[in-house]
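Per chain, numbering begins at 1; letters A, B, ... match sequence-line order.
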Protein chains: 2
Amino acid sequence: MAVKRSMSSGSITINDIAKMLGISKSTVSRALSEHSDVNAETRHKVLELARKLNYTPNALALNLKQQRTNTIGVLIPETVNRFFAKAIGGIQRVANLAGYNVMICQSDESFVTERSNLRSLLTAHVDGVLVSVSAETDRTDHFQILLDKNIPVVFFDRITEELNTSRVYTDNYEIAFEGTEHLISQGCQRIAIVAGPQNLYNSRYRLKGYMDALRKHNLPVKENYIVQSHFRGGTVEDYTRQLINLPQRPDAIFAINDFAAIEMMHVIKKNGLRIPQDIAILGFNNETICRFVEPALTSIDMSAYDMGSEAAALLLDQIKGNRDPQLRLIKSRLVIRESTHLKG
Amino acid sequence: MAVKRSMSSGSITINDIAKMLGISKSTVSRALSEHSDVNAETRHKVLELARKLNYTPNALALNLKQQRTNTIGVLIPETVNRFFAKAIGGIQRVANLAGYNVMICQSDESFVTERSNLRSLLTAHVDGVLVSVSAETDRTDHFQILLDKNIPVVFFDRITEELNTSRVYTDNYEIAFEGTEHLISQGCQRIAIVAGPQNLYNSRYRLKGYMDALRKHNLPVKENYIVQSHFRGGTVEDYTRQLINLPQRPDAIFAINDFAAIEMMHVIKKNGLRIPQDIAILGFNNETICRFVEPALTSIDMSAYDMGSEAAALLLDQIKGNRDPQLRLIKSRLVIRESTHLKG
DNA sequence: ATGAAAGCGCTAACAG
DNA sequence: CTGTTAGCGCTTTCAT
């Protein structure tokens, strides 16, 4: 018997199988679904033929029927940001194991793009969304649309506390506190910090941790030791110069990330200062490269992969079971190397 | 009048609009489609109401009807590989502007995962696929399924020449030749290379360019100056030691990428050798960080973003117009810095 | 210019 | 255990 294919899609459908077997398509559907009651022999014939014809269910039909897509959306600032590149790894792993696809959008740190991405994900009918907000994002009403439509949202890393959603975050306050105390323990007294945009949860708490650590040790919190950065490149050299030219030059700088830290080290050395003797440097993210620059860079390890996989797991939980929002703290870890090593 | 919503999806459908206006859904569909003949007044009423109710067409229904998804699949080795992270940026930009979503899969450099990802993309009914093959991939029959189903495929960077598809690639041979000649011009005579897996197009041609440059200048091609690497971390220190402990120590190393190069520099300096005086180092990818390591790293700029956007553009061309496969060469560029600067 | 009806591929309620 | 029917939301003939 010649294999007759339905015209349009070029793929085998349950209709094809039904006709070839002289049964109804509902029976085929049941036989394929493995849990409905179907005569053993019929089932066998169906499965056999399906296998032979290499039948695969048309996901588009299922999507329409069930109004879901087995796809989760991921909305992040940038894939070139290594933290997020790693987080994607964790997300994909968890999602794929559960049979979900992943649709990634980048806001490029822009609020407008973030909102527009959200609309795209909505249009694509993703079953849930993982979000890390852009550097510009200072409100969260655009996420309300998702919640109104009962689409689960999980924030990770750059989270918001304004919405009642699951969140995966790190102990920004504590780790910034610890990092600052470490600098103090090395004898640093004039500690500067490059702080991210204060609309971001992470940046706020890190700054707070830094300030509280100074206060605890009776060190002054000085305005001109606090630099605002917006993650945009091209400004590191500027603010580094600015800092090292202060009348009271800082003896330590807590950088916003490792790449900025390494660029700062470069500028500092070019200006004839030594690291860590003149200025100690503390980074953020613990990139592999920290071990290979000179001096090796002290940094904070964020478990990006784990944050991604944990966030994905929480999201899938909610998609499936409709559980209540959960919070997950993934602890960061201070990794001490030469760039802050002054004592002991 | 109370807004009545269809029960299931919670969203407004053309049926809702039709009922509220007392017309048929086909008329609504036509009015919305902007090009069919519809009475001006009727159209106006439909558009008005659609706007008021915030109507958006259900993409899942369209997908089923048209058997397409306005989604392109992207199959790459790893997002943590910065080349691909950047390429994704270019891909997304072009795709989003054209109204397409992007579904990303990572092979993690595994052939098996690559093949399995391909099946996922097929199941998701993506309209086309962008591919950069894994380090393990040494055959291409798994891509044939896509071509059989008339799903356009565009290879970029890690391409294959075995299939009749569009390709976006760089001038691996020429740039490796140029890089090697540059090292020779600086007086290097014993040039080692860290070569990638030889099943990869890029690795093969780069090695060839390196060898031909040596031959052109009557320098011997020596087996033990050619290191095989598989992109896996944790081996850089090993092969670097191996190279610098050769009886005839190389006076230059052409590295496989910048991060490997920087790690090599670290190992070399730890062993008391100077760069570039004892050993010159040439990287690949021209990461931002090349400027900030010491000495600043000579590297090869690959225009990752452009390769991504060009590949996406070719793919969309084919999805829409069904044009013939095209080839696009994106030239790489040698960026000379201190790590190879010996003369002039 | 508009409505009725069919169909994309699948599931599920209902009837037998 | 199985067939019939309806329906997910939309487009597109085919009538009128």
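- Rounded to whole angstrom, the span from the CZ atom of R43(B) across to the P atom of dA1(C) amounts to 9 Å.
- Checking dC10(D), dT2(D), dT2(C) against the side-chain heavy atoms of N39(B) singles out dT2(C) as nearest.
- The distance from atom NZ of K65(A) to atom C1' of dC10(D) is 15 Å, rounded to the nearest whole Å.
- Protein atom CG of N58(A) is 13 Å distant from nucleotide atom C1' of dC8(D), rounded to whole Å.
- Between F143(B) and F155(B), the distance separating the two ring centers is shorter than 6.0 angstrom.
- When the nearest nucleotides of DNA chain D are assigned to A61(B) and G22(A) by heavy-atom distance, the more 5′-ward of the two goes with G22(A).
- Proximity of T27(B) to the phosphate of dT2(C): no side-chain N or O atom is located under 4.0 Å from OP1 or OP2.
- For the pair N15(A) CG and dC8(C) P, the computed distance is 8 Å after rounding to whole Å.
- Here the C1' atom of nucleotide dG9(D) and the NE2 atom of H125(A) are 10 Å apart, to the nearest Å.
- For T42(A), the listed nucleotide lying nearest its side chain is dT2(D); candidates were dC10(D), dG3(C), dT2(D).
- Of the residues near DNA chain C, D37(B) and Q66(B), the one whose nearest nucleotide (by heavy atom distance) lies more toward the 5' end is D37(B).
- A sub-4.0 Å separation between OP1 or OP2 of dG9(D) and a side-chain N or O of Y55(B) is absent.
- If you check dC10(D), dC10(C), dT4(D) against the side chain of R30(A), the one that comes closest is dT4(D).
- There is a side-chain donor-acceptor pair under 3.5 Å between S11(B) and K149(A).
- Side-chain contact check for V46(A) versus V38(A): every heavy-atom pair is 4.5 Å or farther apart.
- Among the protein residues, L60(B) comes within range of no part of the nucleic acid, since none of its heavy atoms lies under 4.0 Å from any strand.
- Across the protein-nucleic acid pair, K25(B) atom NZ and dT11(D) atom C1' stand 9 Å apart, rounded to whole Å.
- Protein atom CD1 of I14(B) is 15 Å distant from nucleotide atom P of dT2(C), rounded to whole Å.
- Inter-residue side-chain proximity for V126(A) and I72(A) is flagged as unmet; no heavy-atom pair is nearer than 4.5 Å.
- In the set dT2(C), dC10(C), dG7(C), the nucleotide with an atom closest to the side chain of V38(B) is dT2(C).
- The phosphate of dG3(D) (OP1 or OP2) has a side-chain N or O of S24(A) nearer than 4.0 angstrom.
- Here L122(A) contributes atom CG and N117(A) contributes atom CG; the two are 12.0 Å apart, rounded to the nearest 0.5 Å.
- Across all strands shown, L62(A) has heavy atoms under 4.0 Å from sugar-phosphate atoms exclusively, and none from any base.
- Between L64(B) and V28(B), the residue anchored nearer the 5' end of DNA chain C, judged by the nucleotide with its closest heavy atom, is V28(B).
- Side-chain nitrogen and oxygen atoms of S29(A) include at least one within less than 4.0 Å of the OP1 or OP2 phosphate oxygen of dT11(C).
- A distance-only check finds no donor-acceptor pair linking the side chain of S303(A) to the backbone of D306(A) [under 3.5 Å].
- For S26(A), whose side chain is taken as the heavy atoms from C-beta onward, the closest listed nucleotide among dT4(D), dG3(C), dG9(D) is dT4(D).
- Going from atom CD1 of I23(A) over to atom P of dT4(D) covers 12 Å, rounded to whole Å.
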